[in-house]
Asks: 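My structure is below; once you've seen it, I'll send some questions.
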Amino acid sequence: MWKSGTLLLLSVLWASGELQQETEPRRLPPPGKLDFGYVPAGVYETLAHYEPGPIGILFHLVHAFLHAVQPNAFPHDLIVKLAKDKFGAIQTEYQKPENIVLTLQAIYYEIGFLICAAVGLLFAILMPVVGLFFCMCRCCDNCGGEMHQRQRKNADCRRGLLGTLLFSTSLVITIGVLCAYAANQNLSSQVKNIRRLVNSNMRDLHTFANDTPMQIDYLISQYATVKNKVNYDLDNIGPLLGGRIHVRLDKEVHPALNQVLNMAGAMRETKEALENVSVSLVVLQEGAGKLHFNLSQVCDSINRTLDDPGCHDEESDATTAQLCRSIRQSLSQLQISANFTRLPNVNPQLEKMKNVVKTDLSSVVHRGFSSLNDTPHIVIEQTRSVVNSVQNLVDSVGNNISSFSKAFPLQTCLSNFTIFISHAHAKIEDYYPEVDKMDFYRWIGCIALCCMVVLVLAFNYLGLLCGTLGYDKHASPTTRGCISNTGGTLLMAGVGFSFIFSWMLMGVLTTIFLAGGNMEKLLCEPFHTKELFKVVDTPYLINPEWKNFIPGYMYNDSDLELTSESLYSTCKQNKGIYSALRLDKVFNISSFLNTTVFTKDVVRQLENFRIDLRTIILLEAEGKQNLLDFSEAGLSEINYADYLDEVNKGVTVVDVLSFAKELESQTDLMPRGPLQAALKGHVATLQRIHRQQITPMEQAMSALNQSMRFLERTASDLPNKVTDVLEAIEAAQHLISQNATLLINQETRKYSATIIGYFNQYIEWVKTSLALEVAPCKPFSNILDTAQIMTCSFLVDSMNTFWMGLGCSTLFLLPSVILAVKLAKYYRRMDTEDVYDDMEIGNNGYHSESSQGIPNPMMTSVPTYDTMNRFPRASAPPRHIDW
């Protein structure tokens with residue numbers, strides 16, 4: 001049966017229908033992480049937990065009492081030794097020292113139960129013996145059997161105390177009976193719940209059998225997620241792999257191409273600067289000639305004006321003459337400062353630069369960028385065949401899984417398992433009437449035991465009630481009423497039934513105590529502490545050749561670490577049966593997935609990636625030649641110092657505008673006249689010359705200055721700069737053509753690792769799901785928990801509570817008997833009583849032993865039985881000798 005169950009579990013775990021193909025596109029998760037969703041899980045309805053309710057308080061009291069009776073730890077070693085010997089050696093060879101030791105250990109462990117059983121047995125034996133002697137003693141008018149009661153001063157006090165103690169004792173007995181009755185009713189009510197628990201467990205087994213194939217189908221169907229993601233990455237190998245390679249190359253290549261691109265910009269700016277220099281130089285040379293001519297004319301005109309008689313005649317003003325001399329002396333400053341004619345032109349360099357810029361170096365560089373950016377397309381073209389091979393392998397893996405799943409006889413095994421569950425359930429259903437009948441008989445028997453005590457209680461309570469209500473304190477013992485006498489008779493009836501029933505009760509309860517107590521200490525309590533599992537898991541206990549019984553029986557490998565405790569704990573956590581039963585011993589999922597899903601062919605094909613980027617040309621020969629031509633354009637041959645010297649001199653020796661303002665201020669100091677007017681005209685001419693000629697020349701000089709400085713910076717170490725750029729390009733080109741293999745291999749391995757990682761994720765997910773989510777074996781632990789609940793919580797706890805309650809009541813029957821016998825004397829009508837003279841009766845109605853200190857001799861002179869003559873009120877019948 002175990003082996004067929006194992007085959008069934010394996011079939012359920014690994015068999016499924018055809019591999020589900022992707023019927024609709026599934027939204028792909030982020031790269032590198034796959035989302036397999038949640039394994040569909042059934043809901044187990046059995047709640048293997050019992051809450052006893054208010055009666056749980058009694059259960060705890062029973063447990064505490066049993067712990068006080070049996071405080072010893074669970075005898076693991078003792079039970080293991082007894083189980084290994086199968087009790088035979090002890091019975092046949094009990095005189096051996098080791099068997100004697102085992103016997104003493106067992107006695108030591110059971111000493112508490114043995115003492116209690118001895119007390120119960122002694123009680124059961126002595127009670128009928130004591131009752132027999134008690135009856136015989138009373139028949140002889142002893143032991144309270146004589147119908148005579150002496151009157152005492154404290155009679156009322158004694159009667160009240162005895163009644164109170166008997167009532168209290170009866171209350172204790174009543175509480176015990178009620179506890180026993182509650183335990184009996186609890187057991188009967190819980191027996192009715194057995195069917196519900198059994199049905200719930202059976203439905204969970206059906207759920208387990210029905211949901212497991214669906215869960216396995218889901219695991220297999222999720223291979224489509226891996227397949228979709230792998231195909232997606234293979235179809236996008238250009239952006240993924242080629243993009244990564246491009247990013248890595250771009251870090252090295254982009255700076256080199258940027259340098260060339262910057263050099264192309266420098267070429268254009270150099271050409272523009274040379275053009276500006278050429279134009280500015282022409283403008284300055286032409287402007288300098290015109291300016292020189294105009295300034296000469298102005299100087300000549302001013303000299304002629306200063307020849308006016310008003311400047312040097314004797315009659316002229318001394319201030320005017322001085323001003324004229326000052327003006328004449330300053331005219332020497334009105335001349336050109338810079339000599340632009342001596343500066344050579346830059347036409348040779350300009351012509352070379354025009355030839356250089358005819359080649360569009362920027363376009364050449366952009367073609368290099370385009371070639372580099374075409375890396376993803378190159379990767380696509382060069383890996384097309386490998387990609388197709390890998391995709392075919394991925395499809396074949398799915399077919400392998402599908403064909404493997406079809407190899408198991410799933411439907412047959414499921415049908416057999418379902419039939420087995422239904423057949424077992426039907427058999428259990430057949431036992432329900434017998435269980436109900438047995439429970440009814442048990443209930444009747446327990447009620448009968450309770451009724452024995454209730455009968456005694458009824459006599460006690462009725463006796464107390466009648467005795468208390470019918471008691472007349474003014475009546476003598478021989479004149480007590482019928483109700484009071486009936487109360488005493490009922491009390492004595494209760495005493496008689498106590499002797500009749502108590503020994504039978506104690507015998508039955510002792511037997512139940514020994515059975516229920518030992519079941520609690522040896523079965524229920526060790527189950528909760530898992531000590532019971534340790535006994536079952538003891539190596540070589542069940543079979544001397546097997547270290548562990550379960551794997552030895554199921555897999556013929558007793559060294560496998562699979563114990564009943566681990567199996568129960570794993571199922572208790574609702575983990576998968578694959579991990580609980582260590583089915584990897586029979587079918588190793590890791591090996592299967594490694595050989596079926598994670599095939600070496602896939603790895604080998606991924607290792608066949610060969611990517612060659614030598615077709616990428618960063619800078620064509622035309623571009624390189626263009627850079628060399630730029631370095632040989634002759635920029636270093638220009639005499640930048642001469643240009644800058646002339647530019648820094650300024651257009652004229654003196655600022656013409658300032659000179660005109662000074663001339664105007666000096667003219668204003670002269671008296672009005674033709675001289676002043678002529679000089680003011682020259683001032684206007686100078687201002688016009690500055691505005692029309694000098695200002696444009698200054699602007700041209702500024703442009704020339706900027707251009708020459710730019711050219712000087714550009715020409716500075718230009719050949720070395722061009723050489724550095726070419727070397728950077730060559731290094732980048734060499735990296736792509738020769739040294740890119742390492743980089744490509746690194747990125748290819750990363751890409752392959754990503755593809756393989758999808759399979760690894762699927763494998764790990766399948767293993768985790770099998771261990772935790774697929775075929776959760778909680779129903780099997782629930783079956784064991786249900787059996788424990790029915791045995792311990794329903795039966796053992798209820799029966800232990802029953803014997804504890806009824807046992808306490810039975811024990812309290814002893815003081816009840818004693819108290820009832822003593823109290824009955826105060827309720828029953830006596831045949832005789834103590835008789836005294838009237839004078840000797842005190843005020844309280846009781847006899848006084850002496851009067852005035854003199855003994856009373858009349859006490860012994862009157863017969864004690866002559867009550868009819870002495871006390872006419874006495875209602876006692878005459879003695880038989882007088883009949």
Side-chain angles (χ1 to χ4, degrees), residues 43-67 74 179-180 182-208 421 424-425 427-436 438-440 442-443 446 512 515-536 564-575 580 776-805:
V43 178
Y44 298 137
E45 59 181 270
T46 301
L47 183 61
H49 180 70
Y50 175 65
E51 287 293 341
I55 201 172
I57 300 175
L58 298 179
F59 292 168
H60 289 302
L61 290 176
V62 173
H63 295 163
F65 174 76
L66 289 176
H67 180 72
F74 181 72
C179 291
N184 187 41
Q185 291 299 115
N186 177 73
L187 178 56
S188 296
S189 63
Q190 297 303 336
V191 167
K192 296 180 175 62
N193 291 330
I194 292 177
R195 177 172 299 185
R196 178 184 60 80
L197 286 173
V198 171
N199 293 340
S200 175
N201 279 278
M202 291 301 170
R203 285 193 295 270
D204 287 346
L205 290 176
H206 281 286
T207 301
F208 172 85
I421 296 174
H425 193 188
K427 280 191 173 181
I428 295 174
E429 290 281 350
D430 294 339
Y431 283 109
Y432 286 146
E434 295 295 330
V435 172
D436 292 339
M438 292 175 61
D439 180 66
F440 176 74
R442 180 207 55 79
W443 183 83
C446 292
I512 299 175
N518 280 286
M519 287 183 68
E520 173 65 29
K521 299 299 290 186
L522 296 176
L523 179 64
C524 300
E525 188 176 301
F527 180 86
H528 287 291
T529 60
K530 296 186 178 180
E531 291 288 339
L532 199 60
F533 292 105
K534 294 179 181 179
V535 173
V536 177
S564 60
E565 181 180 0
S566 65
L567 178 60
Y568 172 77
S569 300
T570 304
C571 290
K572 187 76 172 178
Q573 298 171 9
N574 203 24
K575 293 183 179 180
C777 59
K778 188 65 177 290
F780 300 101
S781 67
N782 283 343
I783 291 175
L784 193 59
D785 289 336
T786 301
Q788 182 271 332
I789 289 174
M790 290 189 295
T791 303
C792 297
S793 300
F794 292 175
L795 177 62
V796 175
D797 283 345
S798 297
M799 294 308 297
N800 284 341
T801 303
F802 178 82
W803 64 250
M804 186 187 73

Asks: Salt-bridge test for D439 and R442: reply yes if a basic N is under 4.0 Å from a carboxylate O, no otherwise.
Replies: yes

Asks: Which heavy-atom pair separates C179 from G805 by the least distance, and what is that distance?
Replies: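 Looking at all heavy atoms of both residues, the shortest contact is CB-CA, 4.3 Å.
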
Asks: Just by modelled atom types, is the P776 backbone N or O under 3.5 Å from a matching donor or acceptor in the Y44 side chain?
Replies: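 Looks like yes, one N/O pair under 3.5 Å.
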
Asks: Say you draw a straight line from CD1 of I421 to CG of N201; how long is it, rounded to the nearest 0.5 Å?
Replies: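 The distance works out to 11.0 Å.
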
Asks: May I ask you to check whether D785 and H49 show a side-chain donor-acceptor distance below 3.5 Å?
Replies: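 H49 and D785 do not have a side-chain donor-acceptor pair below 3.5 Å.
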
Asks: Should the ring pair F527 and F533 be called parallel, tilted or perpendicular, given that the plane angle runs from 0 to 90° and is split at 30 and 60?
Replies: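 Because their plane-to-plane angle lies in the 30° to 60° range, the rings of F527 and F533 count as tilted.
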
Asks: Kindly check if the number of other-residue, nucleotide or ligand heavy atoms within 6.0 Å of CD1 (I57) is above 12?
Replies: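 It does not: I57 CD1 has 12 such atoms or fewer within range.
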
Asks: Measuring only between side-chain heavy atoms, which start at C-beta, is E429 closer than 4.5 Å to H425?
Replies: yes

Asks: Please tabulate, for the side chains in residues 795-803, all donor-acceptor contacts under 3.5 angstrom to protein atoms that are two or more places apart in sequence or on a different chain.
Replies:
unit_1: D797; atom_1: OD1; unit_2: H63; atom_2: NE2; d: 3.0
unit_1: S798; atom_1: OG; unit_2: N186; atom_2: ND2; d: 2.9
unit_1: S798; atom_1: OG; unit_2: F794; atom_2: O; d: 2.6
unit_1: N800; atom_1: OD1; unit_2: W803; atom_2: NE1; d: 2.6
unit_1: N800; atom_1: ND2; unit_2: G516; atom_2: O; d: 3.3
unit_1: N800; atom_1: ND2; unit_2: V796; atom_2: O; d: 3.3
unit_1: T801; atom_1: OG1; unit_2: D797; atom_2: O; d: 2.7

Asks: Under 3.5 Å, is there a donor on one side chain and an acceptor on the other for T46 and N782?
Replies: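 Distance-only check fails for T46 and N782.
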
Asks: Give the C-alpha distance, both sets of side-chain angles, the deciding distance and a yes or no for side-chain contact (heavy atoms from CB on, under 4.5 Å) between V62 and E520.
Replies: CA-CA 10 Å; V62 173; E520 173 65 29; over 6 Å; no

Asks: Any side-chain heavy-atom pair from Q190 and M790 closer than 4.5 angstrom?
Replies: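 Side-chain contact under 4.5 Å: no.
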
Asks: Checking side chain to side chain contact (heavy atoms under 4.5 Å, CB included) between L567 and each of S569, S564, C571, which is the one that passes?
Replies: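 Checked S569, S564, C571 against L567; only one passes side chain to side chain contact (heavy atoms under 4.5 Å, CB included): C571.
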
Asks: Any side-chain to backbone donor/acceptor pair from N184 onto A180? Under 3.5 Å, distance only.
Replies: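 Between the backbone of A180 and the side chain of N184 there is no qualifying donor-acceptor contact (under 3.5 Å).
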
Asks: What are the two closest non-hydrogen atoms of D204 and E45, and how far apart are they?
Replies: OD1-N, 2.9 Å

Asks: Taking C-beta and beyond as the side chain, do F74 and T529 meet within less than 4.5 Å on heavy atoms?
Replies: no

Asks: With a 4.5 Å heavy-atom cut-off, do H528 and C792 have their side chains touching?
Replies: no

Asks: In Å, rounded to the nearest 0.5 Å, how long is the span from CD1 of I783 to OG of S200?
Replies: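 OG of S200 is found 10.5 Å from CD1 of I783.
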
Asks: Identify the two heavy atoms, one from F59 and one from S793, that lie closest to each other, and give their separation to 0.1 Å.
Replies: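 Minimum heavy-atom contact is CE1-O, 4.2 Å.
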
Asks: Ignoring hydrogens and geometry, is there a side-chain-to-backbone donor-acceptor pair from S781 to K778 under 3.5 Å?
Replies: yes

Asks: Could you go through the side-chain contact (heavy atoms from CB on, under 4.5 Å) check for T791 and M519 one step at a time?
Replies: CA-CA 9 Å; T791 303; M519 287 183 68; 4.0 Å; yes

Asks: Taking atom OH as the centre, does Y432 end up with more than 12 heavy-atom neighbours from other residues, nucleotides or ligands that are less than 6.0 angstrom away?
Replies: yes

Asks: Please step through side-chain contact (heavy atoms from CB on, under 4.5 Å) for the pair L532 and L523, ending with a clear verdict.
Replies: CA-CA 7 Å; L532 199 60; L523 179 64; 3.7 Å; yes

Asks: What are the two closest heavy atoms between N574 and C777, and how far apart are they?
Replies: OD1-N, 4.3 Å

Asks: Is any side-chain heavy atom of V43 closer than 4.5 Å to a side-chain heavy atom of T207?
Replies: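 No - every pair of side-chain heavy atoms lies 4.5 Å or more apart.
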
Asks: Are the side chains of R196 and N199 in contact, using a 4.5 Å heavy-atom criterion?
Replies: no

